[in-house]
Amino acid sequence: MALLHISEPGQTSVPHQRRLAVGIDLGTTNSLVATVRSGLAETLADEAGEHLLPSVVRYRKGQGPQVGQSAKEAAPTDPMNTIVSVKRLMGRDLQELRKNEFAAYEYAGEESSVPRICTEGGDVSAVEVSAEILKVLRDRAEASLGGELTGAVITVPAYFDDAQRQATKDAARLAGLHVLRLLNEPTAAAVAYGLDKKSDGVIAIYDLGGGTFDISVLRLKKGVFEVMATAGDSALGGDDMDRAIARWIMAQAGIQDDADHAQLRRLLHEARRVKEMLTDADETSVEITRMDNTVWRGSLTRMQMNELINSLVKKTINPCRRALRDAGLSIDDISEVVMVGGSTRVPMVREKVEAFFNKPPLVDIDPDKVVAVGAAFQADILAGNKPDEAMLLLDVIPLSLGLETMGGLVEKVINRNTTIPVARAQDFTTYKDGQTAMSIHVLQGEREMVQDCRSLARFSLRDIPPMVAGAARIRVTFQVDADGLLSVAAEEQSSGVQSSIEVKPTYGLEDSEVEQMLRDSMDHASEDMVARMLREQQVEADRAMEALTAALQKDGEKYLDDEERAGIDQQMDSLQTVRQQDDIEAIKLAIARLEKTCAGYVERRMNGSIQDAMSGHKIEEFES
Ligand code: ADP
Ligand code: MG
C-alpha cells in the first residue's frame, strides 16, 4: 500500500514541473494518443478535431509519407503503395508475411533479413511504417501540450511475442519517442476503468476492432494484472460487418458481382456509414450510385442489420468460451467485462456479450479510446507525476537483476517487468582448475557491462571442493518477495556448500535513475551488443591462453618437440596481440588458429593422462 504524503499546516507541497507523458494506442485500424491533465485523461485531436488517426501510410515517389485519413482514402486506388494494418506485419519474417492474406504487398530483402515492403517511394520496413504513425501522434501531442514529451506508454496486444514487442519499441525509438513501458491493451482498458484500484478479481476484456477480435482474461491480484488467457480471431471485426451490409445493398440495388473498384469502395463506404448510424438510430436511409451513374435509394432498420451481422457477432462467442476454459474458469468467476474497440458500439454486440457473460459490460468510456486512456494513466505515473502512486511500480521488477560473470559481463537472472514475488535459479561454474571460492556480485540494470549497472551486493561462496574448471555446479537462486526484497543464495550442488545474502534492490534507486538507465540501455543497445561480443571473445582468448600455458608448464616437454613448441608460442603471441585490439573477428580467428596448432598436442596429452589415470586403478573404480 502506498502511503499518502501530507504536508504540515501552512506548508503547501512544492509545486513540481509536470512531465509531459502520453499513452498511445497503436491500433490495426486506428491509432490514438491520450494524456492526463488535472487528473483526467483525454485523447488529443488533430487540427480538424479528429481523435482517431487511421493507421494507414502511403508512400509516393519524391514525396514524404502521407499518414492517416488522406492515405486511407487512397488505399483502394493505390493499394501497393498504401500500407494498411501494418500492425499485422510487425516482428514477422518474410516467410510469415507471404503466408498472411492481409499482407499482400511486394517484398524485397533476403529470407533472413528484415522484410521490406516495395513502394513507389522506396522500400520500407514495418517498423518504419509504424514509426510514421507514431511520429504524427508525437507531433500532435507536442503541439497540443506545448513541449517535448518525457515519454510514452505504448500498448500492444497481450499475445504479442518478444519480436513483435521489440519491433514496436524500435518503431517508437525511430519516431523519437522514449518508451516508458509497453502495456498490454487489455490491461490498459482495465486501468482506464480504475479496476486496478479495486479489489482482486477476474476481468474479461472484449475487444472488437476493425479487423481483429481479441478476448483476454486478466486476474487482478494485489494490484498486479496477470494475463490468464487470450483468444480471438485475427480476421474478424467491423470490416466484416461492412462487407455484409455492402452485399445487402448490392442485392437491393441490383449491382452485379462485376462491380469495379470505385463501385466497391462506394459500397463499403456507405455500408460503414449506415452501420455507424444504426448504432444510435433505429432506421437510416441508404443511397448508392451505380456504375451507370443511376442512384438507388432505400432504407435499412437496425433489426434488418442485426440479421445481416448476426453470424459475425456470434463468431466472437466461441473464443470467449475458449479463453474461459484455458483459464480454468466459469462465467460466474468473471467480476467485470470491459468493452474495447469501435465495433463494440454496435448495440447487438453489447447485447450478445451481456447475455453470454450474464452481466452488463462496462461501456462508459468510449470503447475506441479506452486503451489510450488507460495507457495515459500509466504514462502519467511512470513519468513521475504522481509520486504517491509510485508504489504501483513495485508490482514488477523495474530493472533486471543479474550476476557478474567473467570479463565484467552481466548475466540477467530475473528480467525487468517480471511480476513479484518470483524466484529464479541459474547455474554457474568455475573458471579455473582447482578454484575453491567464488565471488558473487549482484547487479541491477539493463546494460551488458558491470560498470554500467548498479552494484547491489557482493558475497563469496567458499570451500568449493577443488575440481577441474567447468566441473563445479553452482546454483545461484534469486528470490524477490512481495515487498520487493531480494535474497540471493548460492550452493555448490555436489558438495552442498552454501552461502547467501539479503539485498533490497529498489531502495536508493530514484525513479529518475531507473528512467535514465532505461534510456541509456536503449540508446546504447547496439553499442552494448558489440562491447559484449568483444568482451566475450577476449575472455575466450584469455581462457584458451591460460589453460594452454598451465598445460605447457606441466607436460609441454613431454609431448612436444621444439618445432611444435615454437609454432604454438608464435600463435599464442599473435593471439595476445589481437586480444588487446577491438577486432572481434580477428580474435576469433586467432583463437581458431591457436587451437588448430595445438590439436596434436592436446590429443597426445589426453591419451597420456587417461593412461596415467588408469594406471594403478581398477576399471570398476571408473564406472560409478
Ligand atoms: P482497431 O482496434 O482495429 O484499430 P477500432 O477499435 O478503432 O479498431 O475500431 C474500428 C471499427 O469500429 C470500425 O469497423 C468502425 O466502423 C467501427 N465503429 C466505429 N464507430 C462505430 C459506431 N458508432 N458504430 C458501429 N461501429 C463503429
Ligand atoms: Mg484497438
Side-chain angles (χ1 to χ4, degrees), residues 23-34 43 50-57 67-69 71-72 75 83-90 102 129-130 133-134 137 154-160 168 183-190 192 205-216 230 232-246 267-282 284 300 302 305-306 308-309 312-313 316 338-353 363 365-375:
I24 293 179
D25 173 5
L26 187 59
T28 312
T29 319
N30 297 304
S31 296
L32 278 138
V33 58
T43 54
E50 289 295 337
H51 292 251
L52 294 176
L53 175 73
S55 305
V56 185
V57 184
V67 183
Q69 189 58 34
K72 179 180 167 180
I83 320 302
V84 299
S85 303
V86 67
K87 193 171 178 175
R88 296 180 189 273
L89 319 185
M90 295 290 271
F102 293 101
V129 178
S130 295
I133 299 166
L134 290 171
L137 295 175
I154 300 179
T155 59
V156 291
Y159 56 78
F160 252 29
T168 306
L183 186 65
N184 287 338
E185 286 163 14
T187 306
I205 315 286
Y206 179 104
D207 181 351
L208 189 61
T212 53
F213 169 62
D214 297 315
I215 176 81
S216 316
T230 63
D233 188 333
S234 60
L236 177 63
D239 297 347
D240 299 286
M241 299 181 187
D242 300 349
R243 280 191 279 273
I245 297 165
L267 277 163
L268 286 173
H269 193 270
E270 178 65 357
R272 184 174 186 152
R273 191 192 64 80
V274 165
K275 172 189 75 176
E276 294 181 5
M277 285 299 292
L278 289 178
T279 286
D280 297 312
D282 292 329
T284 187
L300 184 68
R302 189 191 287 165
M305 180 181 77
N306 285 351
L308 297 173
I309 62 171
L312 294 170
V313 181
T316 66
V338 178
M339 292 297 237
V340 180
S343 298
T344 61
R345 290 173 185 274
V346 174
M348 191 174 61
V349 172
R350 295 187 175 182
E351 287 156 23
K352 284 260 187 325
V353 170
V363 294
I365 304 176
D366 264 358
D368 39 19
K369 295 181 180 164
V370 62
V371 167
V373 163

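In listed order, ligands and their atoms are each counted from 1. No hydrogens, no waters, no symmetry mates; every other heavy atom, side chains included, goes into these values.
The contact set between ligand 1 and Lys275, taken as ligand atoms under 4.0 Å from a residue heavy atom, comprises 14 (O), 15 (C), 16 (O), 17 (C), 26 (N). Interface of Thr28 with ligand 1, defined as ligand atoms under 4.0 Å from a residue heavy atom, comprises 3 (O), 4 (O). Within ligand 1, counting atoms from 1 as listed, the ones closer than 4.0 Å to a heavy atom of Gly238 are 14 (O). Taking every non-hydrogen atom of Gly27 and a distance limit under 4.0 Å, the qualifying atoms of ligand 1 come out as 4 (O). For ligand 1, the atoms closer than 4.0 angstrom to any heavy atom of Arg345 are 20 (N), 21 (C), 22 (C), 23 (N), 24 (N). Atoms of ligand 1 found under 4.0 Å from any heavy atom of Gly341 (numbered from 1 in listed order, with element): 6 (O).
Using a non-hydrogen distance threshold of 4.0 Å, Gly237 does not register as a contact of ligand 1.
Nearest protein heavy-atom contact of atom 13 (C) of ligand 1 is Arg272 NH2, 3.4 Å. Here the protein heavy atom with the shortest distance to atom 6 (O) of ligand 1 is Gly342 N, 2.9 Å. For atom 7 (O) of ligand 1, the closest non-hydrogen atom of the protein is Asn30 ND2, 2.8 Å. Annotation: atom 2 (O) of ligand 1 to nearest protein heavy atom, Gly209 CA, 4.1 Å. Closest protein heavy atom to atom 19 (C) of ligand 1: Glu276 OE2, 3.5 Å. The protein atom (non-hydrogen) at minimum distance from atom 25 (C) of ligand 1 is Thr279 OG1, 3.3 Å. Looking only at heavy atoms of the protein, atom 3 (O) of ligand 1 is closest to Thr29 OG1, 2.7 Å.
Expressed to the nearest 0.5 Å, how far CD1 of Ile24 lies from CG of Leu32 amounts to 10.0 Å. Separation of atoms CE (Met277) and OG1 (Thr284) is listed at 4.0 Å; rounding is to 0.5 Å. In this structure, Asp368 CG and Asp207 CG are separated by 10.5 Å, a value rounded to the nearest 0.5 Å.
By the 4.0 Å N-to-carboxylate-O rule, Asp366 lies close enough to Arg345 to be salt-bridged with it. Looking at Lys87 and Glu185, a side-chain N of the basic residue comes within less than 4.0 Å of a carboxylate O on the acidic one, giving a salt bridge.
Put simply, the side chain of Gln69 does not reach to within 4.5 Å of the side chain of Glu50, judged on heavy atoms. Put simply, the side chain of Thr279 does not reach to within 4.5 Å of the side chain of Lys275, judged on heavy atoms. Side-chain contact check for Leu312 versus Arg243: every heavy-atom pair is 4.5 Å or farther apart.
A pairwise comparison of heavy atoms in Tyr206 and Thr316 identifies OH-OG1, 2.7 Å as the closest pair. Shortest non-hydrogen contact noted between Ala188 and Thr155 is CB-CG2, 3.9 Å.
Considering backbone and side-chain atoms alike, Asp242 places every N or O at 3.5 Å or more from each N or O of ligand 1. Distances between N or O atoms of Gly210 and those of ligand 1 include at least one value under 3.5 Å.
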